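Structure first, commentary second.
All figures in this text were calculated on a predicted structure; none of them were measured in a lab. One is the number of the first residue; the rest follow in order along the sequence.
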Amino acid sequence: YAGLIKGVQGPGKNTLGDILARMVGGDHYKCSANIDDFMGAHAEGLMGRLFVIFNEADISSTAKHKNRSKELISEDKATANPKNVRPFEFALLASVLVFSNEACPIPLDTCGKDRRWVVFEANSWCASMWGEDTWAAFQRHFATDVFLRALRQFLEGLDYSSFNFREAKHTNTQQPA
């Protein structure tokens with residue numbers, strides 16, 4: 001699966017990206033607003049990455065790569081074609097997230113029930129209810145090593161063995177956002 005977080009500016013999409021970058025390490029993470037870094041003719045943005053974020057995505061940049069994006073989400077391997085080097089295959093390990101302020105930033109096949117995407121709608125509830133000062137304090141806290149250790153410990157303590165991703169996805173697609 002790949003995740004799409006779309007919505008208004010300011011709810012913390014990039015804050016989430018920063019946390020993910022720190023969890024996996026900067027060498028294993030790439031965030032870019034240039035879709036060609038990931039899917040262009042000579043793209044190398046996915047090689048060796050565990051998390052990638054297509055930031056500020058919009059339909060004009062993602063539509064031309066619709067089939068390629070399906071491959072990147074579904075396949076285990078991809079082909080890299082760096083300039084002046086023979087094309088080669090590499091293990092496709094990256095989990096893909098798309099961040100956007102646009103209403104429809106990627107082409108989704110809603111008639112065919114595209115199973116590749118989990119879509120979240122972001123809003124400004126936190127910033128508006130807590131105020132900018134409190135939200136800024138949270139963001140500072142999210143940047144600390146203490147928070148990162150606590151988050152990692154929490155995630156590692158969860159029991160994923162009996163979680164049925166297919167059933168969860170089916171159940172969630174049947175409910176309003």
Side-chain angles (χ1 to χ4, degrees), residues 1-75 78-83 90 92-110 114-144 147-148 151 169 172-173 176-177:
Y1 299 112
L4 165 62
I5 302 176
K6 65 185 192 84
V8 298
Q9 186 173 342
K13 296 184 291 281
N14 286 324
T15 300
L16 174 62
D18 294 343
I19 292 168
L20 292 172
R22 293 182 57 233
M23 286 185 77
V24 300
D27 292 341
H28 303 292
Y29 167 88
K30 174 121 178 122
C31 178
S32 177
N34 183 359
I35 195 85
D36 288 331
D37 287 348
F38 304 108
M39 295 191 242
H42 302 288
E44 298 179 43
L46 292 160
M47 291 189 311
R49 302 300 200 280
L50 297 176
F51 267 106
V52 296
I53 294 178
F54 304 170
N55 202 8
E56 303 297 340
D58 63 56
I59 196 75
S60 66
S61 65
T62 59
K64 69 180 180 178
H65 296 293
K66 180 180 178 180
N67 291 330
R68 177 86 165 124
S69 66
K70 289 179 182 180
E71 172 192 352
L72 299 179
I73 296 165
S74 303
E75 301 299 325
T79 302
N81 185 19
K83 289 184 180 180
F90 65 96
L92 196 51
L93 305 172
S95 293
V96 176
L97 284 174
V98 176
F99 293 167
S100 182
N101 299 333
E102 303 291 324
C104 185
I106 57 174
L108 293 173
D109 179 8
T110 56
D114 195 339
R115 68 191 186 283
R116 293 172 182 88
W117 293 95
V118 178
V119 180
F120 300 92
E121 180 86 33
N123 60 44
S124 59
W125 185 89
C126 292
S128 64
M129 295 303 287
W130 294 339
E132 289 185 25
D133 292 340
T134 302
W135 183 234
F138 271 114
Q139 288 180 310
R140 284 191 301 277
H141 178 65
F142 296 155
T144 66
F147 172 78
L148 195 62
L151 179 62
K169 177 149 179 143
N172 288 332
T173 59

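- In this structure, the separation between CG on Leu20 and CG on Leu50 is 11.0 Å, given to the nearest 0.5 Å.
- For Phe54 and Phe99, the ring centers are positioned 6.0 Å apart or more.
- With sequence neighbours left out, the side-chain hydrogen bond (donor to acceptor under 3.5 Å, both in side chains) criterion links Thr134 to no other residue.
- Applying the side chain to side chain donor-acceptor pair (under 3.5 Å) rule to pairs touching residues 16-29 yields Arg22-Asp145, sequence neighbours excluded.
- Remark: Ala80 engages Met47, Pro82, Phe88, Phe90 in a side chain to side chain contact (heavy atoms under 4.5 Å, CB included) (not counting sequence neighbours).
- Not a single side-chain hydrogen bond (donor to acceptor under 3.5 Å, both in side chains) links Ser95 to another residue, sequence neighbours left out.
- Closest approach of Gly17 to Ile53, counting heavy atoms only: CA-CD1, 3.6 Å.
- The ring-ring contact (aromatic ring centres under 6.0 Å, His included) check on Phe147 picks up His141, Phe142, with sequence neighbours excluded.
- Trp130 and Trp135 have tilted rings, their planes meeting at an angle from 30° to 60° on a 0 to 90° scale.
- For Lys13, the salt bridge (charged side-chain N to carboxylate O under 4.0 Å, His left out) test picks out no residue, with sequence neighbours left out.
- A heavy-atom distance below 4.5 Å is not found between the side chains of Leu97 and Val52.
- Between the CZ atom in Phe51 and the CG atom in Leu93 there is a gap of 12.0 Å [rounded to 0.5 Å].
- For residues 128-142, there are no salt bridge (Lys or Arg N to Asp or Glu O under 4.0 Å) pairs, not counting sequence neighbours.
- Taking all atoms of both residues into account, the shortest heavy-atom contact from Val8 to Asn101 is O-OD1, 3.6 Å.
- Applying the side-chain hydrogen bond (donor to acceptor under 3.5 Å, both in side chains) rule to Asn14 yields the partners Asn55; only residues at least two apart in sequence or on another chain are considered.
- Applying the side-chain hydrogen bond (donor to acceptor under 3.5 Å, both in side chains) rule to Ser32 yields the partners Asp37; only residues at least two apart in sequence or on another chain are considered.
- With sequence neighbours left out, the side chain to side chain contact (heavy atoms under 4.5 Å, CB included) criterion links Leu4 to Lys6, Val98, Pro105, Ile106, Trp117, Val119.
- Applying the salt bridge (Lys or Arg N to Asp or Glu O under 4.0 Å) definition to pairs two or more places apart or across chains, none involves residues 38-48.
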